[in-house]
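Values below: all heavy atoms of this structure, side chains included; hydrogens, waters and symmetry mates excluded. Keep in mind it's a predicted model, so treat the numbers as computed, not measured.
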Amino acid sequence: MVTEFILVGFSNFPRHLLPAFFLLYLLMYLFTLLGNLLIMATVWSERSLHTPMYLFLCALSTSEILFTVAITPRMLVDMLFTHRTITWTACASQMFFSFTFGFTHSFLLMIMGYDRYVAICHPLRYNVLMNPRGCARLVSWSWAGGSIMGMMVTLIVFHLTFCGSNVIHHFACHVLSLLKLACGKETSSVTLGVILVCVSALMGCLFLIVLSYVFIVAAILRIPSAEGRHKTFSTCVSHLTVVIVHYGFASIIYLKPKGPHSMDSNTLMATTYIVFTPFLSPIIFSLRNKELKNAIKKSFQRKFSPLSS
């Protein structure tokens with residue numbers, strides 16, 4: 001019975017590059033925390049932002065902070081040391097939290113797409129459909145759904161027996177890397193089941209987001225003025241950009257062909273995905289969302305230039 005695992009994701013990574021990547025990832029990690037906390041603080045302090053769209057944005061920022069905290073600190077520590085072991089319990093916990101916050105992030109992106117659909121396609125019913133209680137329920141369902149997915153996948157994987165090697169060829173407790181270490185007749189069927197569940201959930205979210213934007217684009221094209229079309233679509237740009245980044249990076253990593261000597265490139269791409277996508281989200285939302293950008297500027301001016309207000 002395996003009681004601890006050895007993470008070898010960075011073992012073949014060029015040693016002379018690790019300090020540079022450690023510093024880069026550390027700065028991006030800190031910016032991710034500060035950027036998302038800034039968005040949350042701005043939304044809560046500005047009454048003009050107390051709307052469903054920004055409630056969902058706060059929930060999204062929370063999920064990104066927790067997802068990053070669940071994986072990145074351990075990854076950064078492993079980049080500095082050669083002895084990279086993780087206990088069975090810590091590995092299970094990391095998998096649970098990373099899946100929980102990762103799926104919650106996807107569910108929240110789906111809900112934000114629905115919010116934009118209602119705002120543009122059914123503006124007269126927006127306040128009825130997106131009332132505070134309904135929005136709170138949608139956010140709660142997203143967190144509950146993410147928790148259920150995390151718990152289900154973690155219980156399925158760690159219910160298996162790990163009786164062979166304890167070397168995980170990844171920098172974290174990656175589900176597919178762990179399943180390769182399991183033994184028993186049911187391993188192949190469990191692997192297929194886990195892949196189908198995860199892919200179905202993620203592709204289901206993506207399908208509903210795309211469907212929302214099909215109706216949104218159709219509604220925008222019916223607006224007679226070019227200025228009206230531009231103004232309406234601008235409310236969707238930040239969300240759509242984050243969706244493209246989120247699913248685009250994931251597709252590149254998991255769908256690209258695996259070569260026999262591609263472990264270094266896979267490690268680099270996976271670490272970049274873990275750190276870079278949460279790093280980009282606050283930048284995209286703060287720069288592409290004019291209302292939020294103005295609110296952040298207003299907050300800074302009120303904090304650091306009290307005499308000018």
Novice: Taking it one step at a time, do T161 and T187 satisfy side chain to side chain contact (heavy atoms under 4.5 Å, CB included)?
Specialist: CA-CA 9 Å; T161 302; T187 303; over 6 Å; no
Novice: At their closest point, which heavy atom of V167 faces which heavy atom of L181, and how far apart are they?
Specialist: O-CD2, 3.3 Å
Novice: Quick check against the 3.5 Å criterion: does T100 have a side-chain atom that pairs as donor or acceptor with the backbone of F97?
Specialist: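 No.
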Novice: Do M40 and L34 share a hydrophobic cluster (ILVMFWY, side-chain heavy atoms under 4.5 Å, transitive)?
Specialist: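 Looking at the clustering, L34 is in a separate group from M40.
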Novice: Return the CD1 to OG1 distance between I296 and T42, rounded to the nearest 0.5 Å.
Specialist: 4.5 Å
Novice: Applying the 4.5 Å side-chain criterion to the ILVMFWY set and letting contacts propagate, would I223 and V237 be lumped into a single cluster?
Specialist: no
Novice: I'd like to check H159 versus V190 (side-chain heavy atoms, cut-off strictly below 4.5 Å). Are they in contact?
Specialist: no
Novice: Could you list the residues that satisfy salt bridge (Lys or Arg N to Asp or Glu O under 4.0 Å) with K293, not counting sequence neighbours?
Specialist: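 Once residues adjacent in sequence are excluded, K293 has no partner under the salt bridge (Lys or Arg N to Asp or Glu O under 4.0 Å) criterion.
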Novice: Roughly how far apart are S238 OG and R116 CZ, rounded to 0.5 Å?
Specialist: 8.5 Å
Novice: For N36 versus P278, what's the shortest heavy-atom pair and its separation?
Specialist: ND2-O, 4.1 Å
Novice: Could you check F31, F249, Y29, Y25 and say which one makes a ring-ring contact (aromatic ring centres under 6.0 Å, His included) with F276?
Specialist: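 In the set F31, F249, Y29, Y25, the residue that makes a ring-ring contact (aromatic ring centres under 6.0 Å, His included) with F276 is F249.
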Novice: Using the side chain to side chain contact (heavy atoms under 4.5 Å, CB included) rule, take M75 and F171 through it: C-alpha gap first, then chi angles, then the decisive distance, then the call.
Specialist: CA-CA 6 Å; M75 183 189 79; F171 63 86; 3.6 Å; yes
Novice: Tell me the ring-ring contact (aromatic ring centres under 6.0 Å, His included) pairs involving residues 48-78, sequence neighbours left out?
Specialist: none
Novice: Please check if the number of heavy atoms outside H230 that lie under 6.0 Å from its NE2 is greater than 12.
Specialist: no
Novice: Apply the test side chain to side chain contact (heavy atoms under 4.5 Å, CB included) to residues T191 and V175: give CA-CA distance (whole Å), side-chain angles for both, the deciding distance (0.1 Å), then the verdict.
Specialist: CA-CA 9 Å; T191 302; V175 60; over 6 Å; no
Novice: A172 and I168: which non-hydrogen atoms are nearest, and at how many Å?
Specialist: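 Taking every non-hydrogen atom into account, O-CG2, 3.7 Å.
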Novice: Given H239, which of Y117, Y114, Y213 fulfils the ring-ring contact (aromatic ring centres under 6.0 Å, His included) condition?
Specialist: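 With H239 as partner, ring-ring contact (aromatic ring centres under 6.0 Å, His included) holds for just one option, Y213.
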Novice: Search all heavy atoms of T104 against all heavy atoms of G146 and return the closest pair with its distance.
Specialist: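 Closest pair (atom of T104, atom of G146, distance): OG1-CA, 3.4 Å.
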Novice: Who else is in L221's hydrophobic cluster (ILVMFWY, side-chain heavy atoms under 4.5 Å, direct or via others)?
Specialist: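 V217, which link up through side-chain heavy atoms under 4.5 Å apart, make up the rest of the cluster.
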Novice: With the side chain counted from C-beta on, respond yes when I120 and C236 share a heavy-atom pair under 4.5 Å apart, and no when they do not.
Specialist: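 I120 vs C236: side chains touch.
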Novice: Examine distances only and state if a side-chain atom of S200 and a backbone atom of V197 form a donor-acceptor pair shorter than 3.5 Å.
Specialist: no
Novice: May I ask you to test the V69-L33 pair for a side-chain heavy-atom distance under 4.5 Å?
Specialist: yes
Novice: So, does S142 use its side chain to make a donor-acceptor pair with the main chain of L138 at under 3.5 Å?
Specialist: yes
Novice: Does the side chain of T62 reach to within under 4.5 Å of the side chain of W143, using non-hydrogen atoms?
Specialist: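 Yes - at least one pair of side-chain heavy atoms lies under 4.5 Å apart.
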Novice: Mind checking whether F5 and L178 have side chains closer than 4.5 Å, heavy atoms only?
Specialist: yes
Novice: Measure across S177 and H170 and return the closest heavy-atom pair with its distance rounded to 0.1 Å.
Specialist: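 Closest heavy-atom pair between S177 and H170: OG-CB, 3.7 Å.
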Novice: What verdict does the side chain to side chain donor-acceptor pair (under 3.5 Å) test give for E64 and S281, after you've listed the backbone C-alpha separation in whole Å, the side-chain angles of each residue and the deciding distance to 0.1 Å?
Specialist: CA-CA 9 Å; E64 287 185 341; S281 289; 2.6 Å; yes
Novice: Do M203 and L206 have side chains that get closer than 4.5 Å, going by heavy atoms?
Specialist: yes
Novice: Suppose we call two aromatic rings close when their centres sit under 6.0 Å apart. Are W88 and F162 close by that rule?
Specialist: no
Novice: Can you name the nearest heavy-atom pair linking I86 to C173, along with the distance?
Specialist: CD1-SG, 3.9 Å
Novice: Hey, any chance L202 and I195 share a hydrophobic cluster, counting ILVMFWY side chains that come within less than 4.5 Å of each other, even indirectly?
Specialist: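 Cluster IDs for L202 and I195 match.
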Novice: Using a 4.5 Å cut-off on heavy atoms from C-beta on, say whether the side chain of T85 contacts that of L7.
Specialist: no
Novice: Rounded to the nearest 0.5 Å, what separates atom CG in L60 from atom OG in S63?
Specialist: 4.5 Å
Novice: Do you reckon F103 sits in the same ILVMFWY cluster as I148, going by side-chain contacts under 4.5 Å, direct or chained?
Specialist: no
Novice: In Å, rounded to the nearest 0.5 Å, how long is the span from SG of C135 to CG of D115?
Specialist: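 Between C135 SG and D115 CG, I get 7.0 Å after rounding to 0.5 Å.
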Novice: Please tell me whether L30 and F21 are part of a single hydrophobic cluster in this structure, the criterion being side-chain heavy atoms less than 4.5 Å apart.
Specialist: yes
Novice: Report the C-alpha distance between I111 and V139 in whole Å, list the side-chain angles of each, state the deciding distance to 0.1 Å, and finish with yes or no for side chain to side chain contact (heavy atoms under 4.5 Å, CB included).
Specialist: CA-CA 8 Å; I111 288 174; V139 172; 5.9 Å; no
Novice: Say whether, by atom type as modelled, one donor and one acceptor occur between the side chain of S98 and the main chain of M95 under 3.5 angstrom.
Specialist: yes
Novice: May I ask you to decide if V118's main-chain N or O and R125's side chain share a donor-acceptor pair within less than 3.5 Å?
Specialist: no
Novice: Could you measure the distance from the CD1 atom of I216 to the CG atom of L240? Nearest 0.5 Å is fine.
Specialist: 8.5 Å
Novice: To the nearest 0.5 Å, what is the distance between CZ on F285 and CE on M53?
Specialist: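 It is 9.0 Å, given to the nearest 0.5 Å.
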Novice: Does the plane of the ring in H246 sit parallel, tilted or perpendicular to the ring in Y273? Use 30° and 60° as the thresholds.
Specialist: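 If you compare the ring of H246 with that of Y273, the planes turn out tilted.
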Novice: Using a 4.5 Å cut-off on heavy atoms from C-beta on, say whether the side chain of C205 contacts that of L109.
Specialist: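 Answer no - side chains too far apart.
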